[in-house]
Amino acid sequence: MHDKEKSERFIFIVKWNNKSESFAQGSCFLDVKKAFGWKNNVLLIETLDGSQRETLELRETLERDYVVEPLGFGHEQAREALRHTASHILAQAVKRLFPDVRLGIGPAIEDGFYYDFDTVHGFTPEDLVSIEQEMKRIAKQNLPVTREIMSRGEARKVFEQSNETFKIEILDELPENEPISVYRQGEFIDLCAGPHVPYTGYLKAFKLLNIAGAYWRGDENRPMLQRIYGTAFMDQEGLRAHLARLEEIKQRDHRKLGKQLDLFSIEEDGGPGLVYWHPKGAIVREIIENYWKEEHRKRGYDLVYTPHIAKLDIWKVSGHWDWYKENMYSPMEVDDMKYLLKPMNCPFHILIYKGKTRSYRDLPIRYGELGTVYRYERSGVLHGMLRVRGFTQDDAHLFCRPDQLEQQLIEVLDLTGFMLKTFGYDEYYCMLSVRDPENKAGYIGDDDVWEQAEAALESALKARNLQYQVDVGEAKFYGPAIDINIKDAMGRLWQGPTIQADFTLPERFDIHYIGEDGQRHRPVMIHRTVLGAMERFIGGLIEHYAGAFPLWLSPVQIRVMPVSDKQSSYAEEVQKRFKEQGFRAECDLGQDKIGYKIRQAQLEKVPYMIIVGEREKQSHEISVRHRSLGDLGVMGIDEFIEKVRHEAVSKSLESVFDRV
RNA sequence: GCCGGCGUAGCUCAAGGGCAGAGCAACGGUUUCGUAAACCGUAGGUUAAGGGUUCGAUUCCCUUCGCCGGCUCCA
């Protein structure tokens, strides 16, 4: 072949990893994949040339020269492409089995994908099995997944033919200039922006997980569709690991552990969303509350207690009556006066502030309270201790001068980080929740006041070098907030601390302080919680620790168990020593064999088991077993106490004996 | 609130239009034991509540309550 001929036929050069290949007009990235010898674990292509990186499908035709990088399952977009294709395969399978369905939407999500269907047939778990089988068949057929750009009219015709009214609705709402793309695989066609993987055969490891109702476009005024959730991975091993993780999450469920460990309950006779703290759960809560109080005192907070109800009027002044009514319990009549159960503590703290004239020298004033509030939540959203109707916020309101605001916000951020770390939440994410500029009617206060508050929060985040994401429309009705999500041991995010700057309530309650100039000035308020609410925080902690609380929080820290009755009095003597040293220690004097006692203690996740038999009784020593480290051998009582005391006092997350 | 599923002994779970069952826990004994379950026995139920169909309902139907998975909303 002459060079001239070659250069005419091979017009594009693609470079990867210092290698380059030439391609003829009309080649696509599947050809590139072949040329470079990439395997089927390449799902998308990323271009490295050009000012902006671009991700492309393997079916994309070459249009110029490229420098590329293949993207595998580890890359978010590539992962989503595979799962998105999986959702199309799901829809195709469902349409084959249930021809009357109409399609909603079917995106990739965090851990998998879903597709929404409208059909009179109610999907059952048995259906999932047959749908999965059909999906496997489609994958085996290895249908090409192709993309077409259509005119609006053409697309409309296609979906009208198949009576896909939901697709038409989406189509009609696509912006004018948006190219309309449609994906096909075999007989299946879907309106979709992509990207996708090139063949259905790329789907090798997947599982359908559950069926749930979901409003069309998340709007409760629109029809409810049936959603099928599934997940997909590159290989069986990835899928297996994911399913194992789901199982682990199930085992850690605070509702399950709460019952097993006898920490709390929610009583059907008492009402939904109302938590009963059993003795062991109450100990955990009490310890956390004491710790909380101690840390707040250290930082200049004054702790207060306020009532559970107050006259309707103050809720009008605060704005709750107008902006928060649907979350509040109905008024109750007392002496011809209407009272409301409090959904928040702020107005009460303001009343205390307002009780006397404040000087600029008094500020900042920080009122902290473990304040129990009640909020009406729709029945369907309640969830164990994580979403309840009555809960205790670790609340505080800081009243400060405008010039103190940023420093106060920074101190709150520091306190938050400090306390979260104690519980082993080393990773957390900050969200700056601002109001939705499209919906100003949903918030109280003037524009300039909002801007001021949002700016203050942002500059505090910047001052502490915290990464944050702006969350539009997530502000509270009276002010913007920093909402902090904490990452637990399973890598899940939980709503935790929230910090709000508020210029509005001081205005509404007309509170002030006397400045250096002898004039009245308006203070700024910070609303904040560090843990969020005791219920939610401890519910999350149970899952974070899988029920195995670190020593300082364990309801029972040490259980002493005699091998037989003959050592009972020695066991009690040992227990007494522990109790004298301030440990929560128990004695198991049951008639059971030692193996049984150990099993019970293990199941209850008691950190330290002290086994005393005839040998220990004679030598005045103890045999120590740790719930996760196992048998630690025989040691002296004082030696043990000294070590374990250090573990408890330091609030260690690990055993002192866990040294390698 | 909405869609779907579920509700049987304190707990975990069977059975099912014709007398409601097991294991663990509880209780009474026997056993005195060395690092995750000794043995024997006893008791425990208006099958979530209410209504209907039926000779007969715990089972089938309806309503209510609660729980679970989601949707929507929050600490």
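Naming: A, B, ... by sequence-line order, numbering from 1 per chain. The structure displayed is predicted, hence computed values, not measured ones. Every heavy atom of this structure was used, including side-chain atoms; hydrogens, water molecules and symmetry mates were not.
When the side-chain nitrogen and oxygen atoms of A:R222 are compared with OP1 and OP2 of B:rU72, none of them lie within a distance under 4.0 Å. Close to B:rA75, at under 4.0 Å from its OP1 or OP2, lies no side-chain N or O of A:T529. In this structure, A:Y229 reaches the B:rC71 phosphate: one of its side-chain N or O atoms is under 4.0 Å from OP1 or OP2. Within the structure, every side-chain polar atom (N or O) of A:K597 is placed at least 4.0 Å from both OP1 and OP2 of B:rC33. Dashed line: the shortest gap from a side-chain N or O of A:K593 to OP1 or OP2 of B:rA36 is not under 4.0 Å. The phosphate of B:rC68 has OP1 or OP2 within less than 4.0 Å of a side-chain N or O from A:R255. Within the 4.0 Å cut-off from OP1 or OP2 of B:rG69, at least one side-chain nitrogen or oxygen of A:H383 is found.
The partner of B:rG1 is B:rC71, judged by Watson-Crick or G-U wobble contacts that both fall below 3.5 Å. Base-pair partner of B:rU8: not found among the strands shown (Watson-Crick or G-U wobble, both distances under 3.5 Å). Across all strands shown, B:rA43 remains unpaired; no Watson-Crick or G-U wobble contact has both distances below 3.5 Å. Using N1 to N3 plus N6-O4 or O6-N4 for Watson-Crick, or N1-O2 and O6-N3 for G-U wobble, each under 3.5 Å, B:rC60 pairs with B:rG52. Across every strand in view, B:rU30 sits in a pair with B:rA38 that passes the Watson-Crick or G-U test at under 3.5 angstrom.
What separates CG of A:L632 from P of B:rG34 is a distance of 20 Å, to the nearest Å. In this structure, A:I228 atom CD1 and B:rC3 atom P are separated by 18 Å, rounded to whole Å.
Spacing between B:rG45 and B:rU59 at atom C1', rounded to whole Å, works out to 16 Å. When the P atom is compared between B:rG41 and B:rA49, the two are found 32 Å apart, to the nearest whole Å. A gap of 13 Å separates the C1' atoms of B:rA57 and B:rU46, to the nearest Å. For B:rG69 and B:rG29, the C1' atoms lie 47 Å apart once the distance is rounded to whole Å. Of the C1' atoms belonging to B:rG56 and B:rU64, the separation is 26 Å, rounded to the nearest Å. B:rC13 and B:rU53 are spaced 35 Å apart, taking the P atom of each and rounding to whole Å. Taking atom P on both B:rG10 and B:rC6, the two are 23 Å apart, rounded to the nearest angstrom.
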Taking it one step at a time, do A:V120 and A:D100 satisfy side-chain contact (heavy atoms from CB on, under 4.5 Å)?
CA-CA 8 Å; A:V120 284; A:D100 75 303; 3.9 Å; yes
Checking salt bridge (Lys or Arg N to Asp or Glu O under 4.0 Å) for the pair A:R252/A:E248: CA distance, chi angles, key distance, verdict?
CA-CA 6 Å; A:R252 283 171 177 252; A:E248 168 72 11; 2.7 Å; yes
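Electrostatic pairing of A:R435 and A:E474 does not count as a salt bridge here, judged by no charged N lying under 4.0 Å from a carboxylate O. With respect to the salt-bridge test (charged N to carboxylate O, under 4.0 angstrom), the residues A:E573 and A:K617 do not qualify.
With hydrogens and angles ignored, no donor-acceptor pair under 3.5 angstrom links the side chain of A:Y376 to the base of B:rG1. The base of B:rC74 sits with one of its N or O atoms less than 3.5 Å from a complementary donor or acceptor on the side chain of A:R536. Contact of A:E616 with B:rG34 (side chain to base): a donor-acceptor pair of N or O atoms is detected under 3.5 Å.
Within the nucleic acid shown, A:G218 comes within 4.0 Å of sugar-phosphate atoms alone, with no base atom in reach, counting heavy atoms only. Using a 4.0 Å heavy-atom cutoff across all strands shown, A:I594 reaches sugar-phosphate atoms only and no base atom. Nucleic acid contact for A:G630: none, since no nucleic acid atom lies under 4.0 Å from a heavy atom of the residue. Backbone-only contact: A:G595 has heavy atoms under 4.0 Å from sugar-phosphate atoms and none from a base.
Both tests pass for A:K342 against the ring of A:F348: distance under 6.0 Å to the centre and angle within 45° of the axis. Taking the centre and axis of the six-membered ring of A:Y114, the NZ or CZ atom of A:R227 falls inside the cone set by 45° and 6.0 Å.
For the pair A:E268 and A:G390, both in contact range of RNA chain B, the more 5′-proximal nearest nucleotide belongs to A:E268. Along RNA chain B, the nucleotide nearest to A:G271 and the one nearest to A:V381 differ in position, and the one closer to the 5' end is contacted by A:G271.
The A:I598 side chain lies nearest to B:rA36 when the options are B:rG70, B:rA37, B:rA36.
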